[in-house]
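Sharing a structure with you now.
Keep in mind that this is a model prediction, so the values were computed, not measured.
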There are 2 protein chains.
Amino acid sequence: MRASVSPDTFPPRGHEAKRLSIVDAAASVFCREGYSGANIDLIAAEAGVSRQTVYNHHGDKEKLFMAVVRDLTERCNIGIFATIATFPDQPGDLEADLIGFAVRLNQNCICNRDGKFLRKLIQTEGERYPELFAEWREQGPGRTWPAIAARFARLAYSGYLAIDDPDVAARQFLGLVNAELQTTFMLGGSPCEDEVVQSAKNGVRTFLRAFGRHPAPGGIKKHTALANA
Amino acid sequence: MRASVSPDTFPPRGHEAKRLSIVDAAASVFCREGYSGANIDLIAAEAGVSRQTVYNHHGDKEKLFMAVVRDLTERCNIGIFATIATFPDQPGDLEADLIGFAVRLNQNCICNRDGKFLRKLIQTEGERYPELFAEWREQGPGRTWPAIAARFARLAYSGYLAIDDPDVAARQFLGLVNAELQTTFMLGGSPCEDEVVQSAKNGVRTFLRAFGRHPAPGGIKKHTALANA
DNA sequence: GACGATTTGGACAAGGGTGTCTAAATTTGT
DNA sequence: ACAAATTTAGACACCCTTGTCCAAATCGTC
């Protein structure tokens, strides 16, 4: 009973499904083979469509590539913001909560299929499409970093952390919890869950050694920060 | 008076010079265009030789690529070990010395021409040549990380730092001092000196907040660590 | 200056990729 | 079931790239 047409697109359903499967296959092939090495026939085969259909939908190898990057950026942003929403603003166990946040960010945004592909595409073809990747920089890091920094600022304002500059702290947090995954990232691989958890644990411990408030053994005394608003 | 022949190579001099200029040009083109997009004619032109000379020296596009990666790995390793030798084992001002070390490592090894090229090649083609990049992993990170960790261990043993695991600390140190350069690295760019210095300063400050020994205002009391040996 | 080795530039075959076109088959909405 | 739109498979022209071959020019050494 899903017969109702979508709001503004004439070709209703199977059309969009094919478009998606083409973009997915293209992402995979562009990452594996590089832009020049990617072969439209192979993309079509991997998407389960004919070559002509690829051209019907995207017109051009370059336009297809653009569509891939835009799709991946958008999908990754959605995942990142969903994960940022789980940031521990009123933590029970700050250390455990920060570790959980770091692990979720890695597993759901950085190491998943979309994140891996987007990262590789940026590394590989970033220099060849300055405008496209300037757009990515604005839409991606330009929006997500401040959002994460704002959460750390709130945590500091509530008395859980001693932070000078929330932007610096946010970048250092990510640098720390990913410190042990760099080599794997370099080679385009995905670290296993154990590695992600271990790196997050070590990173958060160091982060809290630097910025933690060392509460009294009994527990953290809540500040009355919201009384000002 | 440099007329004496080299020990075991028959073609004496101009030969090797051409070999080098080919590898250099190839590194540049492979990075800019990717393996598939790299064009032997372009490499030859950029190296100032004819295409046939490229084939005479390296036989094959793939062999040429291998030679490029091996050359870059070797050159980068030399630079990294030279820089590790400047690690502050008996620091005067620990913070300033660590900042200087981080800046040197970035400027001379990671952000210079060879480092940038090697990084990009690994990111771009790492998955396609598993054995070659396994070799890189052993010869590169496999040798340099322990060397850096050993220096931190020594610093800890001498009482300058409070470190649990030197390997973790070494990775976190690099993660911290590069925390603000990640986006630039992603896009294959080289950060300017100011950015490198700023990131190093912020990173080292956090590192010392986590691991520093907070010496008395007058100065650090030296341990008698060597008496045990 | 002469000799051998290297380099050069140009031509060449073989292969592969992009993008277009067409007519037939299939899917979709009514 | 019908009509319109979409998809398909195949053929095609065009261009680019790799790697080889060869004769002429150049280089380095004696």
key: Proximity to DNA chain C (any heavy atom under 4.0 Å), residues of residues 32-41 of chain B only   = none

ask   = Considering only heavy atoms, which members of residues 123-133 of chain B lie under 4.0 Å from some atom of DNA chain C?
value =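 Those residues whose heavy atoms fall under 4.0 Å from DNA chain C, taken from residues 123-133 of chain B, amount to none.
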
query = Does A:K120 come within less than 4.0 Å of A:E125, counting only side-chain N to carboxylate O?
reply =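 So A:K120 does not pair with A:E125 through a salt bridge.
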
inquiry  = At a heavy-atom distance below 4.0 Å, what parts of residues 46-66 of chain B sit against DNA chain D?
reply    =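 Of all residues in residues 46-66 of chain B, the ones placing a heavy atom under 4.0 Å from DNA chain D are B:R51, B:Q52, B:Y55, B:D60, B:K61.
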
task = List for me each residue that meets ring-ring contact (aromatic ring centres under 6.0 Å, His included) alongside B:F211, sequence neighbours excluded, and say none if there are none.
result = B:F207

ask   = Can you tell me how far C1' of C:dT7 sits from CZ of B:R19, to the nearest Å?
value =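 Going from B:R19 (CZ) to C:dT7 (C1'), I get 17 Å.
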
task = Please examine the side chains of A:F185 and A:C111, heavy atoms only from C-beta on, and report whether any two atoms are closer than 4.5 Å.
result =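 Answer yes - side chains close enough.
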
ask   = Do B:S199 side-chain atoms and B:V177 backbone N/O form a donor-acceptor pair below 3.5 Å?
value = yes

request  = List for me each residue that meets ring-ring contact (aromatic ring centres under 6.0 Å, His included) alongside B:Y55, sequence neighbours excluded, and say none if there are none.
outcome  = none

ask   = What is the ring orientation for B:F133 with B:Y129, classed by angle as parallel under 30°, tilted 30 to 60°, or perpendicular over 60°?
value =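 The rings of B:F133 and B:Y129 sit tilted, inter-plane angle from 30° to 60°.
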
request  = Could you walk me through whether A:E95 and A:K201 pass the salt bridge (Lys or Arg N to Asp or Glu O under 4.0 Å) test, one step at a time?
outcome  = CA-CA 8 Å; A:E95 181 163 359; A:K201 279 184 180 168; over 6 Å; no

B:K18 NZ to C:dT6 P, straight-line distance once rounded to whole Å = 13 Å

query = Are the side chain of B:T206 and the backbone N or O of B:N202 linked by a donor-acceptor pair below 3.5 Å?
reply =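 Here the side-chain-to-backbone pair exists.
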
query = Under a 4.0 Å N-O cut-off, is there an ion pair linking A:R128 with A:E62?
reply =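 Salt bridge flag = no for A:E62 with A:R128.
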
Atom-to-atom span, CG of B:L42 to P of D:dT18 - whole angstrom = 10 Å

query = Is there a donor-acceptor contact under 3.5 Å from the side chain of B:N178 to the main chain of B:L181?
reply = no

Step-by-step side chain to side chain contact (heavy atoms under 4.5 Å, CB included) determination, A:F117 to A:F30 = CA-CA 9 Å; A:F117 283 175; A:F30 277 134; over 6 Å; no

query = Quick one: are B:P191 and B:N106 in side-chain contact, heavy atoms under 4.5 Å?
reply =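 Counting from C-beta outward, B:P191 and B:N106 never come under 4.5 Å.
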
ask   = Are A:R19 and A:D24 within salt-bridge range, i.e. N to O under 4.0 Å?
value =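 No, no charged N to carboxylate O under 4.0 Å.
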
note = Angle separating the five-pair end axes of the helix from C:dG1-D:dC30 to C:dT30-D:dA1, nearest 10°, is 40°

